[in-house]
Amino acid sequence: MTDKDCIFCKIANGEIPSASVYEDENFRVILDMGPAAKGHALILPKNHFKDLNELDEATAAKVLPLAGRIGAAMKKSLGCAGYNVVQNNGVEAGQTVFHFHVHVIPRYEGGPKMVEWEPGSSTPEELAETAKSIAQGLN
């Protein structure tokens, strides 16, 4: 099902032109118009899902293997040294378009660093309490 007001639904289904890299019955992969690096691609499902929590299992099972194929193609064709697979959920996580999508971002030797953080610290007791809390949220 698509959302008639969603820009990514319109792009994924060909209503709005894009620089497409790949397309099948479930997905369109396009180049990001504001790339973090040359070749930065977005995997867009043709059906509308707001975020990862709304994604159906059939689509979820296909998206990660597709990200791997796109990343391998980037390494082969663009000569990048690696790639990041990024998926944001919610405003605080950096999601700006509320249509599930996956970023595949080529990483080049000597290029800018991203997706990094300073490791924090926790006591074993804090880790156990946090793990228990998350586990309870699964029920």
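Bear in mind that the values here come from a model prediction, so they are computed numbers and not experimental data.
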Side chain to side chain contact (heavy atoms under 4.5 Å, CB included) assessment of Asp3 paired with Lys50: CA-CA 10 Å; Asp3 177 337; Lys50 182 180 97 178; over 6 Å; no
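- Annotation: Lys10, atom NZ; neighbour count of heavy atoms from other residues, nucleotides and ligands within 6.0 Å is above 12.
- Around CD of Glu92, the count of heavy atoms belonging to other residues, nucleotides or ligands within 6.0 Å does not exceed 12.
- The two residues Ala81 and Glu109 make their nearest non-hydrogen contact at CB-CG, 3.8 Å.
- The cluster map of Ile, Leu, Val, Met, Phe, Trp and Tyr, joined by side-chain heavy atoms under 4.5 Å apart, puts Val97 and Leu55 in different clusters.
- Val104 and Leu66 fall within a single hydrophobic cluster, where Ile, Leu, Val, Met, Phe, Trp and Tyr are joined by side-chain heavy atoms under 4.5 Å apart, directly or via other members.
- Side chain of Asn89 to main chain of Leu52: a donor-acceptor pair is present (N/O by atom type, distance under 3.5 Å, no hydrogens or angles).
- For CD1 of Ile16, the number of neighbouring non-hydrogen atoms (other residues, nucleotides, ligands) closer than 6.0 Å is greater than 12.
- A side-chain donor-acceptor contact under 3.5 Å links Asp51 to the backbone of Asn53.
- The hydrophobic clustering, which links ILVMFWY residues whose side-chain heavy atoms are closer than 4.5 Å, places Val63 and Tyr22 together.
- Between Lys46 and Glu25, the shortest heavy-atom distance links the atoms CD-O, 3.6 Å.
- The number of heavy atoms from other shown groups lying within 6.0 Å of CD (Glu54) is above 12.
- Residues passing the side-chain hydrogen bond (donor to acceptor under 3.5 Å, both in side chains) test with Glu125 are Thr123, sequence neighbours excluded.
- Distance check, rounded to the nearest 0.5 Å: OG of Ser20 to CG of Leu44 gives 9.0 Å.
- Interatomic distance, Asn84 CG to His103 NE2, rounded to the nearest 0.5 Å: 11.0 Å.
- Of all the heavy atoms in His48 and Phe98, the pair that sits closest is CE1-O, 3.2 Å.
- With hydrophobic clusters built from ILVMFWY side chains whose heavy atoms lie under 4.5 angstrom apart, Val102 shares a cluster with Phe27.
- With hydrogens and angles ignored, the 3.5 Å screen pairs no side-chain donor or acceptor of Lys75 with any backbone N or O of Tyr83.
- Without hydrogens or angle criteria, Tyr108 side chain to Leu78 main chain gives no donor-acceptor distance under 3.5 Å.
- Contact between Cys6 and His99 at its shortest, heavy atoms only, is SG-ND1, 3.4 Å.
- Here the straight-line distance linking atom CG of Leu42 with atom CD1 of Ile70 works out to 11.0 Å at 0.5 Å rounding.
- Not one N or O on the side chain of Glu57 forms a donor-acceptor pair closer than 3.5 Å with the backbone of Thr59.
- Hydrophobic clustering (ILVMFWY, side-chain heavy atoms < 4.5 Å, transitive): Ile43 and Met74 are in one cluster.
- Arg28 places a side-chain N or O within donor-acceptor distance of the main-chain N or O of Ile11, the cut-off being under 3.5 Å.
- Contact annotation: the side chain of Asn47 never approaches that of Phe100 to less than 4.5 Å [non-hydrogen atoms, C-beta and beyond].
- Across Ser18 and Ile30, no two heavy atoms sit closer than the pair OG-CG2, 3.2 Å.
- Across every non-hydrogen atom of Ala36 and His40, the tightest pair is N-ND1, 2.9 Å.
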